[in-house]
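Here is the naming used below: chain letters follow the sequence lines, and residue numbers restart at 1 for every chain.
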Protein chains: 2
Amino acid sequence: MKNKITLKELSKLLNVSVSTVSKALNDSPEISQKTVERVKELAALHNYRPNPVAVNLKSSRSGTIGVIIPNIANVFFAKVLSGIEAKAQEEGLQVITYISNESYDREVQIIDHLTSGFVDGVLLSIAEETQRKRAFDHIYHLIDYDIPVVLYDRINYDMPVDKVGVDDAESFKKVTTKLIKKGVKKIGVVSTILHLVNGKERIRGYQEALLPSMKEHIAASTRREFLDEKIHEILIDDKVEAVLCCDTESTMRVYRYAYEHNIRIPEDLKVVGFLNEEITSFLTPSISYIEQNPRKIGKGAMKLLGKRLKGEAELNKTTEKIIKTKLVNLESTTFDSEH
Amino acid sequence: MKNKITLKELSKLLNVSVSTVSKALNDSPEISQKTVERVKELAALHNYRPNPVAVNLKSSRSGTIGVIIPNIANVFFAKVLSGIEAKAQEEGLQVITYISNESYDREVQIIDHLTSGFVDGVLLSIAEETQRKRAFDHIYHLIDYDIPVVLYDRINYDMPVDKVGVDDAESFKKVTTKLIKKGVKKIGVVSTILHLVNGKERIRGYQEALLPSMKEHIAASTRREFLDEKIHEILIDDKVEAVLCCDTESTMRVYRYAYEHNIRIPEDLKVVGFLNEEITSFLTPSISYIEQNPRKIGKGAMKLLGKRLKGEAELNKTTEKIIKTKLVNLESTTFDSEH
DNA sequence: CTGAAAGCGCTTACAG
DNA sequence: CTGAAAGCGCTTACAG
């Protein structure tokens with residue numbers, strides 16, 4: 001079974017030309033029914049598969065797309081990837097995975113590599129460091145190369161590409177409004193991702209929903225020791241009754257802070273987290289959380305890219321798709337169910 | 001910037017032959033220093049990159065490896081992937097990701113696809129359903145195709161391939177022994193993965209470590225309602241003092257069960273989980289857990305595959321690499337630190 | 001209906 | 001030191 005059989009070998013066995021074999025296998029109307037059958041039978045017998053590399057060289061497409069993931073250990077991105085993979089599967093495309101590890105340098109390196117023509121298109125979620133630096137030249141470079149790019153999740157940039165993301169601002173606005181309607185007077189926000197677009201957007205949503213009479217309570221820092229201090233300020237000094245967490249890390253810190261200081265959830269403090277189902281199911285007591293539907297984001301991004309690759313998308317127009325989040329209500333919170 | 005420049009175009013601009021340009025770029029000693037410089041300069045100017053597809057066709061290698069992941073939303077596998085990706089990066093290989101979703105059919109389909117020559121080698125962790133069915137023909141098929149395969153994590157199969165895994169039995173044996181030395185008399189095990197090799201191995205390690213005088217307390221089921229019943233039996237009826245959990249799901253069930261029945265951890269019950277750091281850090285109180293070092297597993301698997309691909313491995317001999325686990329001790333357990 | 005020829009973009013023995 | 005030629009495995013206009 002060592003060597004894969006080629007068209008040439010098949011043609012020799014069949015005593016016809018390579019062209020004929022190729023056409024027969026591709027159901028060309030040029031070839032007689034009889035020949036087609038003969039060829040296909042032998043091909044099946046030898047388990048013939050066209051060499052994808054050769055096919056790609058002819059068609060000058062690689063049949064693969066590149067996915068750049070900032071952090072694969074984050075279940076959110078892992079699920080996005082699984083959505084991408086599922087959709088790519090449907091479209092007959094391969095997925096080449098690149099992990100930027102939130103590093104600018106690595107992202108530049110990956111993108112540089114991608115301009116060699118390894119892939120027909122790219123799905124990108126911009127690394128944290130890149131966002132901090134606001135250095136996007138490498139991404140524009142990719143676009144200049146006419147490699148279709150779709151941004152996913154971290155999207156609020158003014159780039160001429162398709163985008164798929166989440167209604168960050170809207171989700172926080174809705175939750176805040178809901179809490180206000182419940183009669184909650186002091187609402188706070190905790191974040192370790194203030195420098196990311198998504199983090200900024202979420203806070204904006206919160207701010208927009210606050211009533212003019214209400215004070216903002218924002219505890220934000222990327223450094224754990226400072227964050228705990230700030231959490232102390234809003235939980236102990238300001239005595240907020242509810243807190244919205246912008247990310248997994250801040251949810252965890254609030255949760256642990258409450259545990260260590262005997263603050264009961266949800267009696268003393270209502271907590272809404274931005275995290276995934278798996279972790280929430282571990283928490284005792286459970287909290288409410290905003291479900292982002294990462295698989296859908298992945299599928300949506302791959303779908304847009306697929307359209308670009310097939311030329312079904314308009315050339316000078318980009319699409320922005322927003323996947324709605326859902327507030328999930330758990331046992332020990334006081335929200336009504338949402339369906 | 002639309003069209004990538006090719007060797008042919010470069011050669012025209014330089015008034016030399018395509019061969020000369022190719023050799024110059026590859027630092028062939030055949031070419032004069034002057035020409036090499038001239039060629040490289042222009043190539044750099046035009047940002048020339050060899051078309052990887054064409055290079056692959058010549059070398060009849062694809063330069064990519066395929067990774068089959070049973071479940072990417074499991075952080076364990078996500079981290080394995082990140083280890084694989086890092087090592088592949090070092091070796092200049094691309095990683096094509098396939099997600100089997102623990103499905104036998106999907107795994108068969110992926111492997112069938114892989115025999116077309118998309119990849120030079122495969123890293124595989126066998127899907128749950130495949131293990132249940134004990135149907136491995138498709139994997140042998142891949143091996144017959146002379147595509148190097150390395151099994152990772154789920155490895156205890158008698159296949160003639162390289163393997164990288166964890167010391168499942170050993171890890172449970174060690175923990176059990178440790179507990180016994182601490183004076184714990186009744187030790188139980190909870191598992192939802194009894195049908196997986198890893199699950200079996202862990203239980204075997206536990207059984208081996210038990211003293212002849214001690215009774216086994218095993219709560220195992222893949223169905224949640226049955227599992228809760230069995231957890232009840234060992235926690236309430238048998239009153240075990242410590243419980244080893246074989247997987248994330250069973251850890252979570254035990255944890256929640258204890259919470260709901262006011263069983264204090266670790267005063268009433270010591271819990272050792274098989275889960276990842278992220279989740280553990282969420283638990284209040286925290287528990288001890290066995291750290292498997294998934295990134296190292298990924299790197300190790302990729303390293304073995306790399307050796308096969310470079311022909312550095314002996315042909316009729318396979319390597320099995322075991323990555324040691326580590327027991328991690330957290331605040332509220334009574335283990336000594338281990339370093 | 002079938003086949004010879006050119007070509008996708010490269011590399012590499014071989015000749016000069 | 002340089003270049004023409006063959007070839008990796010395929011597809012597809014073109015000729016017969």
Review point. Quick check: are there more than 12 heavy atoms from other residues, nucleotides or ligands sitting under 6.0 Å from CD of A:Glu41?
Key: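 No, the 6.0 Å shell around CD holds no more than 12 heavy atoms from other groups.
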Check your understanding: What is the 5' to 3' range of DNA chain D, first to last nucleotide, that sits under 4.0 Å from any heavy atom of chain A?
Key ->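 Contact span on the strand: D:dC8 to D:dC14.
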Review point. Is A:Thr35 touching bases, backbone alone, or none of the nucleic acid, heavy atoms closer than 4.0 Å?
Key: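 Here A:Thr35 touches the backbone only, sparing every base.
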Exercise for review: Could you measure between the two P atoms, the one in D:dT2 and the one in C:dG9, and give it in whole Å?
Suggested key: 25 Å
Is the backbone N or O of [Y] less than 3.5 Å from a side-chain atom of [X], with the two atoms forming a donor-acceptor pair by type?
| X | Y | value |
| --- | --- | --- |
| A:Asn101 | A:Ser103 | no |
| B:Arg154 | B:Val197 | no |
| B:Asp120 | B:Ser62 | yes |

Review point. Where is the tightest heavy-atom contact between B:Glu107 and B:Ser125, given as atom of each residue plus distance?
Key: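 Looking at all heavy atoms of both residues, the closest pair is OE1-O, 4.2 Å.
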Check your understanding: Mapping B:Glu30 and A:Pro50 to their closest nucleotides on DNA chain D, which lands nearer the 5' end?
Key -> B:Glu30
Revision key, fill the gap. The residue, B:Ile31 or B:Lys58, whose nearest nucleotide of DNA chain D is more 5′ is B:Ile31
**Study point:** Residue from A:Ile139, A:Thr97, A:Ile110, A:Ile96 passing side-chain contact (heavy atoms from CB on, under 4.5 Å) with A:Ile68
**Key:**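 Passing option: A:Ile110.
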Check your understanding: Can a salt bridge be assigned to the pair B:Glu129 and B:Arg106 using a cut-off of 4.0 Å between side-chain N and carboxylate O?
Key -> no
Exercise for review: Using a strict cut-off of less than 4.0 Å between a Lys/Arg side-chain nitrogen and an Asp/Glu carboxylate oxygen, indicate whether B:Asp27 and B:Lys40 qualify as a salt bridge.
Suggested key: yes
Check your understanding: Which of residues 15-27 of chain A have a heavy atom under 4.0 Å from DNA chain C?
Key -> A:Val16, A:Ser17, A:Ser19, A:Thr20, A:Lys23
Check your understanding: Which word best sums up how the rings of A:Phe118 and A:His113 line up, parallel for under 30°, tilted for 30 to 60°, or perpendicular for over 60°?
Key -> parallel
Revision key, fill the gap. The single option from B:Lys303, B:Arg308, B:Lys321, B:Lys317 that satisfies salt bridge (charged side-chain N to carboxylate O under 4.0 Å, His left out) with B:Asp162 is B:Arg308
Review point. How is the base pairing of DNA chain C summarised as a dot-bracket string, given the Watson-Crick and G-U wobble criteria with both distances under 3.5 Å, [ ] for crossing and | for another strand?
Key: |||.||||||||.|||
